[in-house]
Amino acid sequence: MRDQFPGLTPAWHYLDTAATAQKPQTVIDATINAMGRDYATVHRGVYARSADMTLAYEAARRRIAAFIGAREEQCVFVRGATEAINLVAYSHPRKGRVLLSVLEHHSNIVPWQLAGWQVDVCPLTADGCIDLDAAEKLLTPDHDMVAFAHVSNVLGSPLDVTRAAELAHRVGAELLIDGCQAVPRLPVDVTALGCDYYVFSGHKLYGPTGVGVLWSDKLDALPPWQGGGSMIDRVTFAQTTYAPAPTRFEAGTPAIIEAIGLAAAVDYVEAIGIDAIHAHECALVGTLRDALARKNSITLFGPENSAGIVSFSMAGVHPHDIGTILDESGVAIRAGHHCAQPLMEDLGVTATARASFGVYSNDDDVAALIDGLSRVERIFG
């Protein structure tokens with residue numbers, strides 16, 4: 001399967017998929033064709049190629065919607081999960097209290113602050129999961145929103161979204177789920193989950209950068225966030241009326257090429273099977289955690305059932321030094337605060353080293369990482 005990813009070379013062990021996934025050739029081909037042979041604008045031209053590209057763009061929306069158990073009119077194309085959260089935070093008619101958790105990515109913290117929400121924070125369990133028992137006690141009728149990660153980008157902690165939705169709805173709040181790390185590796189059915197908003201980015205799902213999805217069955221209750229072409233019904237200097245959702249949230253020329261590439265990524269993932277991907281990554285996580293647990297110098301973070309992600313620290317060695325030495329051995333991991341500084345503070349560290357898996361990861365990658373860490377131990381021993 002690695003041969004399908006031209007970005008992967010035989011001597012390079014890529015363990016940073018949680019940051020961004022490598023792209024299979026089918027996705028690259030789809031974007032090349034959309035940018036070249038098939039290219040035209042959408043929704044505007046009356047000539048045949050423009051009409052064909054419009055059909056392809058909207059077919060991509062239907063394809064991606066079906067992947068998460070949604071209807072096409074419920075899915076907005078955005079630049080990524082960050083823009084999706086900003087859209088909800090700024091457009092929501094009630095900017096009251098929002099309950100976040102300690103492990104949230106900065107993209108699920110800063111937008112709420114900037115938009116004027118009052119932020120409350122839910123703690124974690126001892127093994128690094130969002131403590132829903134604590135959330136139940138914290139939630140009050142004053143809360144208008146709960147915004148949690150489906151899977152932590154640092155700890156791999158999975159969330160019981162169904163229970164989180166029940167707790168939020170019990171007090172009249174809505175639930176937004178950051179699904180960036182979940183959609184590439186877990187089955188997602190937004191209707192069954194019971195959330196009100198679900199967001200994810202394309203580039204972590206083996207698709208292009210610059211495109212993501214906001215799903216909601218409550219889009220009609222949100223006013224437009226950005227103005228411009230395409231999102232309107234009729235414009236006069238006295239008054240403008242807006243197109244229905246999702247069009248009214250896609251001002252300007254959309255990410256045509258990227259949306260088509262993302263649909264190709266969905267096809268690729270579904271051809272393999274999301275359950276098979278999850279099982280494959282779980283096996284690699286188990287192998288790595290077992291190997292790291294045998295090293296006295298290593299501290300592991302996160303639960304045993306972390307989804308595709310393993311974060312750790314090494315006594316006396318900064319994660320950046322770990323990452324630099326591993327790179328010399330052809331092993332690429334992430335080192336830093338992972339855009340989760342509040343979580344780092346909660347863990348009592350300034351940074352962690354993070355290995356994250358994808359469909360192309362294998363036991364050789366794990367072995368290379370373990371060998372590289374032994375070299376780190378020798379250097380700093």
Side-chain angles (χ1 to χ4, degrees), residues 16 18-19 80-86 88-90 92 95-140 142-161 164 167-168 173 175-182 195 197 199-201 204 299-303 306-313 318-320 322-323 333-356:
D16 197 21
T82 299
E83 184 173 77
I85 296 171
N86 274 274
V88 176
Y90 279 93
H92 200 278
K95 297 179 178 63
R97 303 196 76 87
V98 57
L99 180 65
L100 309 178
S101 83
V102 169
L103 59 68
E104 301 307 318
H105 190 282
H106 295 164
S107 294
N108 199 25
I109 300 173
V110 180
W112 305 103
Q113 294 171 330
L114 286 174
W117 292 71
Q118 295 174 284
V119 174
D120 295 316
V121 183
C122 179
L124 307 181
T125 60
D127 62 352
C129 295
I130 297 174
D131 189 340
L132 291 181
D133 290 337
E136 184 174 13
K137 296 174 183 177
L138 287 167
L139 283 167
T140 73
D142 291 334
H143 286 96
D144 292 309
M145 186 70 67
V146 178
F148 288 161
H150 195 166
V151 171
S152 165
N153 74 303
V154 179
L155 305 176
S157 314
L159 173 71
D160 183 347
V161 178
L167 296 178
L175 176 66
L176 180 145
I177 293 294
D178 171 1
C180 285
Q181 301 297 340
C195 56
Y197 308 92
V199 308
F200 63 94
S201 295
K204 299 180 192 295
T299 299
L300 279 164
F301 302 103
S306 59
I309 295 169
V310 178
S311 280
F312 59 94
S313 64
H318 194 281
H320 288 167
I322 297 174
I333 66 162
R334 192 64 148 211
H337 56 64
H338 316 294
C339 295
Q341 288 177 320
L343 175 57
M344 296 297 110
E345 183 177 354
D346 189 72
L347 295 175
V349 297
T350 58
T352 70
R354 182 188 71 187
S356 53

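Along the sequence shown, residues carry numbers from 1.
- Of all heavy-atom pairs between Ala173 and Val146, the closest is CB-CG2, 4.4 Å.
- Checked options Val154, Leu155, Asp127; the residue passing with Phe301 is Leu155 (criterion: side chain to side chain contact (heavy atoms under 4.5 Å, CB included)).
- Distance check: Asp131 CG to Leu103 CG gives 11.0 Å after rounding to the nearest 0.5 Å.
- Residues meeting the salt bridge (Lys or Arg N to Asp or Glu O under 4.0 Å) test with Asp133, sequence neighbours left out: Arg163.
- A 6.0 Å sphere centred on CZ of Arg97 holds more than 12 heavy atoms belonging to other residues, nucleotides or ligands.
- His105 and Asp178 are not linked by any side-chain donor-acceptor pair at a separation below 3.5 angstrom, with hydrogens and angles left out of the test.
- Using a 4.0 Å cut-off between charged nitrogen and carboxylate oxygen, Asp144 and Lys95 do not count as a salt-bridge pair.
- Looking at Thr352 and Ser313, their side chains never come closer than 4.5 Å, going by heavy atoms from C-beta outward.
- Side-chain atoms of Gln181 come within 3.5 Å of backbone N or O of Ala18 as a donor-acceptor pair.
- Applying the 6.0 Å contact sphere to CD of Gln113 captures more than 12 heavy atoms from other residues, nucleotides or ligands.
- Under the 3.5 Å distance criterion, with hydrogens and angles disregarded, a donor-acceptor pair is assigned to the side chains of Thr82 and Ser107.
- Residue Met145 holds its CE atom at 14.5 Å from CD of Gln118, rounded to the nearest 0.5 Å.
- What you find for Pro123 and Val102 is that their closest heavy atoms are CA-CG2, 3.9 Å.
- In this structure a side-chain-to-backbone donor-acceptor pair under 3.5 Å is present from Arg354 to Asn153.
- Atom OG in Ser356 sits 5.0 Å away from atom CG in Asp16 (nearest 0.5 Å).
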Working note: Val161 + Phe148, criterion side-chain contact (heavy atoms from CB on, under 4.5 Å); need CA distance, chi angles, decisive distance, verdict. CA-CA 9 Å; Val161 178; Phe148 288 161; over 6 Å; no
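- For the pair Ile333 and Ala353, the tightest heavy-atom approach, listed with the atom from each and the gap, is CD1-CB, 3.7 Å.
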Could you go through the side-chain contact (heavy atoms from CB on, under 4.5 Å) check for Ile109 and Val119 one step at a time? CA-CA 8 Å; Ile109 300 173; Val119 174; 5.7 Å; no
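- Contacts of Ser201 classified as side-chain contact (heavy atoms from CB on, under 4.5 Å), with partners at least two apart in sequence or in another chain: Ala81, Cys180, His203.
- In terms of heavy atoms, Cys195 sits closest to Ile177 at CB-CG1, 3.9 Å.
- When every heavy atom of Pro158 is checked against every heavy atom of Val151, the shortest pair comes out as CA-CG2, 4.3 Å.
- Below 30°, between 30° and 60°, or above 60°: for His337 and His106 the angle between ring planes is between 30° and 60°, a tilted geometry.
- Counting heavy atoms from C-beta outward, His338 and Leu343 have side chains that stay 4.5 Å or more apart.
- Closest approach of Ala89 and Ala115 over heavy atoms only: O-CB, 3.5 Å.
- A 4.5 Å side-chain heavy-atom check between His92 and Trp117 finds at least one atom pair inside the cut-off.
- Using a distance-only test at 3.5 Å, with no hydrogens or angles considered, no donor-acceptor pair links the side chain of Ser306 to the main chain of Val310.
- Interatomic distance, CG of Leu159 versus CG of Leu132, reported as 5.5 Å (0.5 Å rounding).
- Every side-chain hydrogen bond (donor to acceptor under 3.5 Å, both in side chains) that Glu104 has, sequence neighbours left out, goes to Ser101, Asn108.
- Taking CG of Asp160 as the reference point, atom NE2 of His150 lies at 8.5 Å (rounded to 0.5 Å).
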